[in-house]
Each structure stands twice: as structure tokens, then as C-alpha cells.
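The model shown is predicted, which means the values in this text are computed figures rather than measured ones.
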Amino acid sequence: AGVLFVAFILIKKTRNAVAVPLCMFSCMLAAVIFISFSYGTFLPQQNLTGKETEIQFYLVDIPEKTDNGYLYTVKTTDVDCDGAPQNIKLSVYSKNRINADYNQIVKAKVRLKPIADSGFNSYGKYADNIFLSAYSYDSIVTDETVVNLLKPVLKLKEAVINYFLENLEGDDAGVAIALVTGCRNYISDETYNVFKSCGIMHLFAVSGLHLSVFAGSLYFILKRLRFPKIPSVIITMIFVILYMAFIGFTPSILRAGFMFVLMCTSKLAGQKDDTLNSLSFAVFLICLNPYAV
């Protein structure tokens, strides 16, 4: 790709056809990003496969109840292994519930293994920068704490889920939780398969549709309350960013969120926004993690 890019630049006919060298440059850039990500992030973590070690971590998402225990998404503060990368995200399985707050440090002895054999089979874990899973067979909640900016957001997410569970029954609660938070753990297998058969599973992947309803409603309310244009746009942008954090910064909500923030920025600058350019820029930012594709 690099050689062809240089060749297309040197040849006048292809150089004048700007799209031709630009496409080849994009291919080259994509390859460089993928190689850099693989050697800088992916492979160093894969080298920990099969090792038993002690780690320290804190929770970065709400716990999930599984058939055999609990599943936690965590961020490590220390991996007690020579040459091991630090500050990595893991999926930690535990037979017993870990009663830790979102800013408390937990010490655990774990056995590490790959989350999947490929990005395609990781069901989005690779896109969330989770490449390893760990089985915890001994954990202790310490008195140490870290600054976790997501703690208030995670507390709110828990409150929203509990609200639906207390006021709705069965799959009504599960579907409501999935539509608002993106968490599908509360939907029965039967209902999940019905949505899948109808081809509307994308409703549970919180993205542009959900963000449009959320942000559009907020902006409409501010407008009806006669807020000035610039404060309304800024307030909406702030709430969109908070909503992205609430969902968990998944690739789908990042794409929609980046596009919406760019649109708001154009309004603040008094310029007309371009949807295709906004989409392209959002995709570029997301693809800095190639597995987000």
C-alpha cells in the first residue's frame, strides 16, 4: 500500500485523480494502526495467557449475574507478573459476589486466559479493549481507593436498572433496560431469539436512534423553555457525553456521539455540518482500536 501510494503520487495522471492516492494512503494508514495496536496493546496482553498471578483492580461496569456466579469488568492497577502490561481491562469471573464499591481496590489471585480466539468471536469484547478473562478463586476487598470518574454514572445506571426491575415484570423490564442502557442480561432467551428472528436486535445496540431521541427531546425542552441557542447546544452536548458514559462508551454510541458533538460544534461555529464528513471522522476515531470494526 505504501509503495503504491508513492507510485500514484509520482504519476501525474493518478496524482490528479486525488481519490486514487488518497484511498491507497487510507489503506496504508489502516495497516499501520492495526500493526501498532497489535504490537503495542494486543500481543503484550496475550503473552499473559495461562499465567496464574495476583492482581489489583477496581470495577468499571455494573456486575452481571451468570449461571455459575458473577462477571465483572475491571481495570487493573497492578499485575504481579514480570513484564506484564499494567492498567488493562479484564473480564473477571467469580463464583462469589465481590462486595466492592466502584472506587475500591480489590486484590485477587487469578488465572488468565484469552477472552476469545479471534475478534469475530469476542462478541464486542475486543472492541471494548478486553482481550483477557480471569477466573478469581480468592479475592479481598481492601480499604484502598482510586479516583473513578465513572462511579456516579455507574451508580445512576444501577438505580435505573433497579427502577425498571421494581416497576415492571419479566421481559417488560428486560426490554426496557436493554433499550435504555444497552444491557441485555435481563432478557429471557426466548424473547432474545424473537427479536433476533425479526431482525431488530439493533434496537438493543444503543446508538443513533436512542441518542437522537434523548438529545432531540432535551434540546426541544430547552427550546420551549426559551433558553438561548448557544447555552442549549452546550447543555445538550454535555448530556450527550454523559449519556455515552452511561452506556459504557461502546463503539455504536461513540460513533453516534462523535457525530452529534461535531454537529453541535458546527452550530456553535455558525457553520453548516456535513453528515458524511462527521461520519468519516467518527469512524476514524473509533478505528484507532481496529477491533471496533
query = Is it true that atom NZ of Lys65 has more than 12 heavy atoms of other residues, nucleotides or ligands lying nearer than 6.0 Å?
reply = yes
inquiry  = Testing the basics here: between Ser91 and Leu71, what is the closest heavy-atom pair and its distance to 0.1 Å?
reply    = CB-CD1, 3.9 Å
task = Sort and list the pairs that fulfil ring-ring contact (aromatic ring centres under 6.0 Å, His included) and have at least one residue in residues 51-85, not counting sequence neighbours.
result = none
key: Leu132 vs Lys113, side-chain contact (heavy atoms from CB on, under 4.5 Å): CA-CA, chis, key distance, verdict   = CA-CA 6 Å; Leu132 293 172; Lys113 65 177 184 178; over 6 Å; no
request  = Examine Val240 and Leu262 and state if one hydrophobic cluster contains both, with Ile, Leu, Val, Met, Phe, Trp and Tyr joined whenever side-chain heavy atoms are less than 4.5 Å apart.
outcome  = yes
ask   = Same cluster for Val20 and Ile9 if Ile/Leu/Val/Met/Phe/Trp/Tyr side chains link at under 4.5 Å?
value = yes
request  = Could you tell me the separation between the CG atom of Asn99 and the OG atom of Ser139, rounded to the nearest 0.5 Å?
outcome  = 9.0 Å
message = A side-chain contact here means heavy atoms from C-beta on lying under 4.5 Å apart; do Ile161 and Val180 qualify?
response = no
query = Looking at residues at least two apart in the chain, or sitting in another chain, which of them share a side-chain contact (heavy atoms from CB on, under 4.5 Å) with Ala178?
reply = Ile187, Phe204
task = Supply the atom-to-atom distance Ser133 OG to Leu90 CG, rounded to the nearest 0.5 angstrom.
result = 8.5 Å
inquiry  = On a heavy-atom basis, which atom in Ile286 and which in Ala292 lie closest, and how many Å separate them?
reply    = CG2-CB, 3.4 Å
inquiry  = Taking Tyr163 as the starting point, is it possible to reach Val206 by hopping between hydrophobic residues whose side chains are less than 4.5 Å apart?
reply    = yes
ask   = Under a 4.5 Å cut-off applied to non-hydrogen side-chain atoms, are Phe37 and Tyr291 in contact?
value = yes
note = CZ (Arg226) and OG (Ser232) are apart, to the nearest 0.5 Å, by 12.0 Å
ask   = Same cluster or not: are Phe220 and Phe227 linked, directly or through other Ile, Leu, Val, Met, Phe, Trp or Tyr residues, by side-chain heavy atoms under 4.5 angstrom apart?
value = no
task = Tell me yes or no: between the side chains of Tyr137 and Glu52, is some donor less than 3.5 Å from an acceptor?
result = yes
inquiry  = Between Tyr219 and Lys229, is there a side-chain heavy-atom distance shorter than 4.5 Å?
reply    = yes
message = Enumerate the ring-ring contact (aromatic ring centres under 6.0 Å, His included) contacts for residues 237-271, please, sequence neighbours excluded, ordered by first and then second residue.
response = Phe214-Tyr243
task = Quick one: list whatever passes salt bridge (charged side-chain N to carboxylate O under 4.0 Å, His left out) with Asp128, sequence neighbours left out.
result = none
note = Closest heavy-atom pair, Thr77 versus Val146, reported as atoms and distance to 0.1 Å, is CG2-CG1, 4.3 Å
note = side-chain contact (heavy atoms from CB on, under 4.5 Å) filter on Ile140, not counting sequence neighbours, yields none
inquiry  = Taking the side chain as everything from C-beta on, heavy atoms only, tell me whether Val110 gets closer than 4.5 Å to Tyr135.
reply    = no
query = Does CD1 belonging to Ile200 count more than 12 external heavy atoms closer than 6.0 Å?
reply = yes
query = Does any donor atom in the side chain of Thr53 or Asp80 lie under 3.5 Å from an acceptor atom in the other side chain?
reply = no
ask   = Is a side-chain donor or acceptor of Asn148 paired with a backbone partner of Val60 at a separation under 3.5 angstrom?
value = no
ask   = How long is the span from the CZ atom in Arg255 to the CG atom in Leu279, to the nearest 0.5 Å?
value = 7.0 Å
key: Set of residues satisfying ring-ring contact (aromatic ring centres under 6.0 Å, His included) with respect to Tyr102, sequence neighbours excluded   = none
Working for side-chain contact (heavy atoms from CB on, under 4.5 Å), residues Lys75 and Ile88 = CA-CA 6 Å; Lys75 187 80 173 286; Ile88 61 176; over 6 Å; no
query = Does the side-chain contact (heavy atoms from CB on, under 4.5 Å) test come out yes or no for Met237 and Thr265, once each step is laid out?
reply = CA-CA 9 Å; Met237 284 176 64; Thr265 304; 4.1 Å; yes
task = Answer whether the closest heavy-atom distance between the side chains of Lys89 and Phe131 falls below 4.5 Å.
result = no
query = Is a side-chain N or O of Ser217 found less than 3.5 angstrom from the main chain of Ala215, in a donor-acceptor match?
reply = no
ask   = In chain order, what residues pass the salt bridge (charged side-chain N to carboxylate O under 4.0 Å, His left out) check against Lys155, with sequence neighbours excluded?
value = Asp101
request  = Please report the shortest heavy-atom distance between Gly2 and Met28, naming the atom on each side.
outcome  = CA-SD, 3.4 Å
ask   = Once you round to the nearest 0.5 Å, how far does SG of Cys198 lie from CG of Asn193?
value = 11.0 Å
inquiry  = Does anything in residues 181-195 form a salt bridge (Lys or Arg N to Asp or Glu O under 4.0 Å)? List the pairs, not counting sequence neighbours.
reply    = none
Pairwise ring-ring contact (aromatic ring centres under 6.0 Å, His included) hits with a residue in residues 1-26, at least two apart = Phe5-Phe25
query = Short question: side chain of Asp274, backbone of Asn277 - any donor-acceptor pair under 3.5 Å?
reply = yes
key: Cluster overlap Phe281 with Met259, hydrophobic side-chain contacts below 4.5 Å   = no
query = So, Ser188 and Asp171: side-chain donor and acceptor under 3.5 Å apart, yes or no?
reply = yes
inquiry  = Less than 6.0 angstrom separating the ring centers of Tyr126 and Phe42, yes or no?
reply    = yes
ask   = What residue pairs, at least two apart or across chains, pass salt bridge (Lys or Arg N to Asp or Glu O under 4.0 Å) with a residue in residues 3-28?
value = none
ask   = With sequence neighbours left out, what residues match Thr250 under side-chain contact (heavy atoms from CB on, under 4.5 Å)?
value = Ile247, Ser252, Ile253
request  = For Ser278, enumerate each residue passing the side-chain hydrogen bond (donor to acceptor under 3.5 Å, both in side chains) test, keeping only those at least two apart in sequence or located in another chain.
outcome  = none
query = So do Thr73 and Ile130 actually touch side chain to side chain, heavy atoms under 4.5 Å?
reply = yes
note = Scanning both residues in full, the closest heavy-atom pair of Ile62 with Cys183 reads CD1-SG, 4.1 Å
remark   = OG (Ser207) and CG (Leu254) are apart, to the nearest 0.5 Å, by 11.5 Å
inquiry  = For Thr76 and Gln56: C-alpha separation, side-chain torsions, deciding distance, then whether side-chain contact (heavy atoms from CB on, under 4.5 Å) applies.
reply    = CA-CA 6 Å; Thr76 65; Gln56 296 182 27; over 6 Å; no
remark   = Nearest heavy-atom approach of Asn103 to Lys151 is OD1-NZ, 3.6 Å
message = Within the 4.5 Å heavy-atom criterion, are Pro85 and Val79 side-chain neighbours or not?
response = no
request  = Look only at the side chain of Asn162 and the backbone of Glu158, and say whether a donor-acceptor pair between them is shorter than 3.5 Å.
outcome  = yes
task = Please check if the side chain of Thr14 supplies one atom and the backbone of Ile11 the other of a donor-acceptor pair under 3.5 Å.
result = yes
ask   = Do Thr236 and Leu222 come within less than 4.5 Å of each other through their side chains, counting heavy atoms only?
value = yes
